[in-house]
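The block underneath contains the structure these notes are about, expressed in structure tokens.
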Amino acid sequence: MHLKNKQIAESKARLFEKIEQSGVLSTSTLKALASVDRENYVDEKLVPQAYDDSALPIQAGQTISQVLIVGIMIEALNISWEDKLLEIGTGSGYQTAVLARLNRRVFSIERFLELVHVAEKNLESEPNNNYTIIHADGYEGFTSQSPFDKIIVSAASENIPDKLLQQMKVGGIMVLPLGQEGQTQELLKVIKTEDSYTTHSLGFVKFVPMLKGTV
Ligand code: SAH
């Protein structure tokens with residue numbers, strides 16, 4: 001193996017050993033996470049850091065999520081292959097790729113056209129194309145495919161977006177970071193009930209803000 005590839009493989013093995021030891025992820029989530037090569041979703045010069053246990057910068061001033069956080073969010077969603085699944089904040093497409101290992105068709109919304117193209121290009125490295133990237137404002141949800149069983153939001157809003165709640169099935173789950181830009185935010189698991197919803201905290205996180213409109 002090429003020396004550089006060997007170093008990447010070793011850093012991936014180290015990160016996954018650490019994640020596995022944390023004991024918070026099921027085997028199926030771990031398997032889906034480990035099957036995607038994060039180095040395909042970062043800039044050439046960040047490839048040596050692809051398996052750092054942190055978020056990393058991507059185009060348009062955004063970030064690729066931390067591997068463990070992607071795992072925690074996916075675990076909380078308890079995704080089935082047949083679920084109607086919506087992702088808000090495609091970014092690099094990394095999380096989309098992990099979701100596509102667990103779900104028959106992932107719908108993913110991104111507000112930056114530049115990132116829609118970046119993600120589509122990055123995702124060419126995946127074996128399947130069971131995802132649809134949509135250039136739109138995630139605050140609007142995705143009416144034509146609603147209602148959803150599961151919604152995963154990768155950008156922080158100050159309140160739970162109304163339209164996303166409306167587009168969930170009763171019993172459906174949404175995972176999202178809530179809080180102000182630049183401050184610590186709370187990762188929440190929201191379960192829709194017949195006439196309202198319940199929330200459970202999954203811990204504290206730092207995400208880029210969820211912004212209105214498209215660019
Ligand atoms: N899961 C992604 C994380 C990307 S960061 C990854 O692994 O790469 C969050 C993304 O949410 C950014 O790309 C940002 O542009 C996007 N975003 C922010 N507000 C949005 C909105 N209203 N609708 C859709 N995408 C949004």
Side-chain angles (χ1 to χ4, degrees), residues 15 29 32-43 46-47 49-77 79 85-103 106-123 125-126 131-143 145-146 148 150-165 167 174-182 185 187 205-215:
L15 176 65
T29 303
L33 266 184
S35 68
V36 177
D37 289 326
R38 198 169 182 244
E39 64 268 32
N40 295 334
Y41 295 85
V42 298
D43 228 54
L46 287 177
V47 166
Q49 277 125 273
Y51 295 102
D52 283 5
D53 194 10
S54 64
L56 292 171
I58 57 170
Q59 289 86 340
Q62 304 303 307
T63 54
I64 178 172
S65 307
Q66 190 182 338
V67 179
L68 179 60
I69 300 295
V70 171
I72 289 172
M73 293 173 82
I74 288 178
E75 190 72 43
L77 283 171
I79 296 170
L85 173 66
L86 178 66
E87 175 184 47
I88 310 290
T90 319
S92 66
Y94 170 67
Q95 183 175 271
T96 314
V98 181
L99 292 168
R101 302 289 173 131
L102 298 166
N103 183 260
V106 182
F107 295 96
S108 184
I109 299 182
E110 171 55 55
R111 68 185 288 271
F112 275 102
L113 184 58
E114 181 189 354
L115 288 175
V116 171
H117 296 317
V118 166
E120 279 171 346
K121 180 103 198 33
N122 290 343
L123 282 158
S125 59
E126 297 306 319
Y131 49 80
T132 305
I133 317 283
I134 304 117
H135 179 226
D137 178 355
Y139 275 110
E140 299 299 318
F142 194 38
T143 322
Q145 290 293 333
S146 69
F148 293 95
K150 309 286 162 67
I151 301 181
I152 182 166
V153 187
S154 300
S157 55
E158 291 187 21
N159 303 104
I160 301 174
D162 274 345
K163 290 194 178 155
L164 295 184
L165 261 182
Q167 292 179 24
M174 170 158 59
V175 173
L176 81 172
L178 268 199
Q180 288 179 3
E181 178 175 4
Q185 302 135 4
L187 191 60
V205 289
K206 208 159 187 179
F207 277 83
V208 296
M210 182 159 169
L211 301 173
K212 295 227 159 82
T214 55
V215 265

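First listed ligand is number 1; within each ligand, the first listed atom is number 1. Everything numeric here is computed off the predicted structure, so don't read it as measured data.
- Using the six-membered ring where Trp is involved, F142 and F148 have ring planes that are parallel, under 30° apart on the 30 and 60° scheme.
- The closest approach between any non-hydrogen atom of T90 and ligand 1 is below 4.0 Å.
- Listed by number with element, the atoms of ligand 1 under 4.0 Å from a non-hydrogen atom of L115 are 13 (O).
- For atom 7 (O) of ligand 1, the candidate residues are G91, G61, S65, S154; the nearest heavy-atom contact is made by S65.
- Atom 14 (C) of ligand 1 has as its closest protein heavy atom Q62 OE1, 3.3 Å.
- Of the protein's non-hydrogen atoms, S92 OG, 3.5 Å is the one closest to atom 6 (C) of ligand 1.
- With ligand atoms numbered from 1 in the order given, ligand 1 contributes 5 (S), 9 (C) to contacts under 4.0 Å with heavy atoms of V208.
- Near Y139, meaning under 4.0 Å from any of its heavy atoms, are these atoms of ligand 1: 22 (N).
- For R38 and Y51, the positive end is not near the middle of the six-membered ring at less than 6.0 Å and at most 45° from its axis.
- Of the possible polar contacts, one joining the Q185 side chain to the F207 backbone as a donor-acceptor pair under 3.5 Å is found.
- Ligand 1 is approached by P209 to a heavy-atom distance shorter than 4.0 Å.
- Crowding of Q145 atom CD: a count of heavy atoms from other residues, nucleotides or ligands under 6.0 Å exceeding 12.
- Short contacts between ligand 1 and A155, defined as distances under 4.0 Å to a heavy atom of the residue, involve ligand atoms 11 (O), 18 (C).
- Each of the following atoms of ligand 1 lies closer than 4.0 Å to a heavy atom of G138: 21 (C), 22 (N), 23 (N), 24 (C).
- Atom 13 (O) of ligand 1 has its closest protein heavy atom at E110 OE1, 2.7 Å.
- Atoms of ligand 1 lying under 4.0 Å from at least one heavy atom of F112, given by number and element, are 15 (O).
- Checked by atom type and distance alone, the side chain of H135 never pairs as donor or acceptor with a backbone atom of L115 at under 3.5 Å.
- Among I134, V118, T96, the single residue meeting the side-chain contact (heavy atoms from CB on, under 4.5 Å) criterion with T90 is T96.
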